[in-house]
Q: 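Quick one: the structure is below, questions incoming.
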Amino acid sequence: MAVGTAMDERRNLDAGTQSCEALVRAAFDRIRALDGELHAVLAMDEARSLDLARQADARLRAGERTPVLGLPVVLKDNFNWSGLPVTCGSRVLDGYVAPYDATVVSRLIQAGAVPLAKANLDEFAMGSSGEYSAFGPARNPWDPSRVPGGSSSGSVVSVAAGYASLALGSDTGGSVRLPASFCGVTALRPTYGVLSRYGLTAMASSLDQPGPIAATAEDLALAFSVMVGADPRDSTSVDLPGSERLASLRSADLRGLRIGLPREYFGEGLEPGVRSSLEAALRVFEEQGARLVEVDLPHTRYAIDAYYLLCTSEVSSNLSRFDGVRYGLRVPDAGGFPGMVAGTRDRGFGPEVKRRILLGTFCLSKGYYDAFYVKALKARALIAADFDRAFAEVDVLAGPVSPGVAFPFGTKTGDPLAMYLADAFTVPTALAGVPCLSVPAGLSEGLPVGIQLIGPALSDVRLLEVAHAFQSATAHHLATPTLSA
Ligand code: GLN
């Protein structure tokens, strides 16, 4: 990590051996040096970030301390940060400027974090590789001929390439975990509702969750600690029990911890290098006293189907607001209003977004609603019940984030189904609403592999403590790609 962990920065800022302004200037230099190739960043406002940095320095000098005071953070470009464009990786928002701050963004800023940049993403967070960004994909710093994973590709690359020690992504069905696994960083998808969705542009509202990204679980906890807490502007938000333990995260005592290994997650499709990294990671847990138990999540095989029916249904509804009237792009049409709406949506949306709007509209139409949408809801309930049963027997679950490592560009763009299958191990937890982490677990052929840790609803703090214990015993999270800057 070229800029060090957030914890290192925290200590230096508190000790006065480093200023936030210097940190932010160094970050901009690094972005200028590397981002021509990596393309993680879509927009910056250097003057504004430097102004916020000087404010943070003044607060530090006055003796104020918060978990994130003076820490730079990169924001996925589907979060509103007032005054900057929010593109969602789409042409349909051309010219649109965010009029307000998302709750998670305003909480970060109030606590003194300094937003540095808006980060590249798959259009409206739909995708698993970053390749569906209308502005061209971000690249994997471990191997720029490979995808960084998506959809929070730019946020994850920003941490992996050392632009910032903290970033914010969103996870609807895997979008912080998959890129974290592909780029060797740590990321949390919190329990649904623990972070406010207010100001995060909606993709599929019953699944969307903001998710912090960092080098370590300890770093994640710093950012998470200032963002959690119910928000009156998001009626699905809840308080997180134990959140006072986040600001100085301790390692969980792993002795006696029961770790469930879902049989369905260790089947044939796993690449051998991923399997061996996971096995080695699980041995570390065992050496520290954890007990491994095989469990079943029998409805896992319906997860991709259920997810892509429910997600697209919600997408078709949420994205109806982009009509050329209220936001961004407007393509005038001599035929009047209907032609303007159709022309705007045709020009503004990319192929994956259009595919999902069509599929979702189909699922929700008369005659198909019960056969597809309602059936998918039933499958979702069965998948959630699988997790409830498993957590009656074990404390956490462990498995792969992805069946393979980062793939070369273009491998899956010709086949939408192949792209959807990359999410096989990340969508079940999203459907169930339970917290999960991607934690670096080694390299396979020089590319990072993540292990996924999953806990029962609202056990987010405990899950981070378990990951911290693992990272205290391993060094995978310290491995960094070789970059010339
Ligand atoms: N890859 C999944 C999808 O395309 C998840 C995306 C996400 O989590 N935002 O829907």
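Whatever order the structure lists them in is the order used to number ligands and atoms, beginning at 1. Along the sequence shown, the residues carry numbers beginning at 1. The model shown is predicted, which means the values in this text are computed figures rather than measured ones.
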Q: Can you confirm whether more than 12 heavy atoms, excluding those of R347, are under 6.0 Å from its CZ atom?
A: no
Q: Under 3.5 Å, which donor-acceptor pairs link side chains of residues 403-411 to any protein atom two or more places apart or in another chain?
A:
from, atom 1, to, atom 2, distance (Å)
T411, OG1, P408, O, 2.3

Q: Once the angle between the rings of F470 and F285 is folded into 0 to 90°, is it parallel (under 30°), tilted (30 to 60°) or perpendicular (over 60°)?
A: parallel
Q: Kindly assign one of parallel, tilted or perpendicular to the pair F425 and Y265, based on the angle between their ring planes and the thresholds 30° and 60°.
A: tilted
Q: When the ring centroid of F372 is compared with that of F362, is the distance short of 6.0 Å?
A: yes
Q: List below, pair by pair, the N or O atoms of ligand 1 and of the protein that are less than 3.5 Å apart, including the distance to 0.1 Å; reply 'none' if no pair qualifies.
A:
from, atom 1, to, atom 2, distance (Å)
ligand 1, 1 (N), G127, O, 3.0
ligand 1, 1 (N), S128, OG, 2.8
ligand 1, 1 (N), D423, OD1, 3.3
ligand 1, 1 (N), D423, OD2, 2.8
ligand 1, 4 (O), G127, N, 2.9
ligand 1, 4 (O), Y308, OH, 3.3
ligand 1, 4 (O), R356, NH1, 3.4
ligand 1, 4 (O), R356, NH2, 2.7
ligand 1, 8 (O), T172, N, 2.7
ligand 1, 8 (O), G173, N, 2.6
ligand 1, 8 (O), G174, N, 3.2
ligand 1, 8 (O), S175, N, 3.0
ligand 1, 8 (O), S175, OG, 2.7
ligand 1, 9 (N), A125, O, 2.7
ligand 1, 9 (N), S151, OG, 3.4
ligand 1, 9 (N), T172, OG1, 3.4
ligand 1, 9 (N), S175, OG, 2.7
ligand 1, 10 (O), Y307, OH, 2.6
ligand 1, 10 (O), R356, NH1, 2.9

Q: Would you call the rings of Y308 and Y420 parallel, tilted or perpendicular, taking 30° and 60° as the class edges?
A: parallel
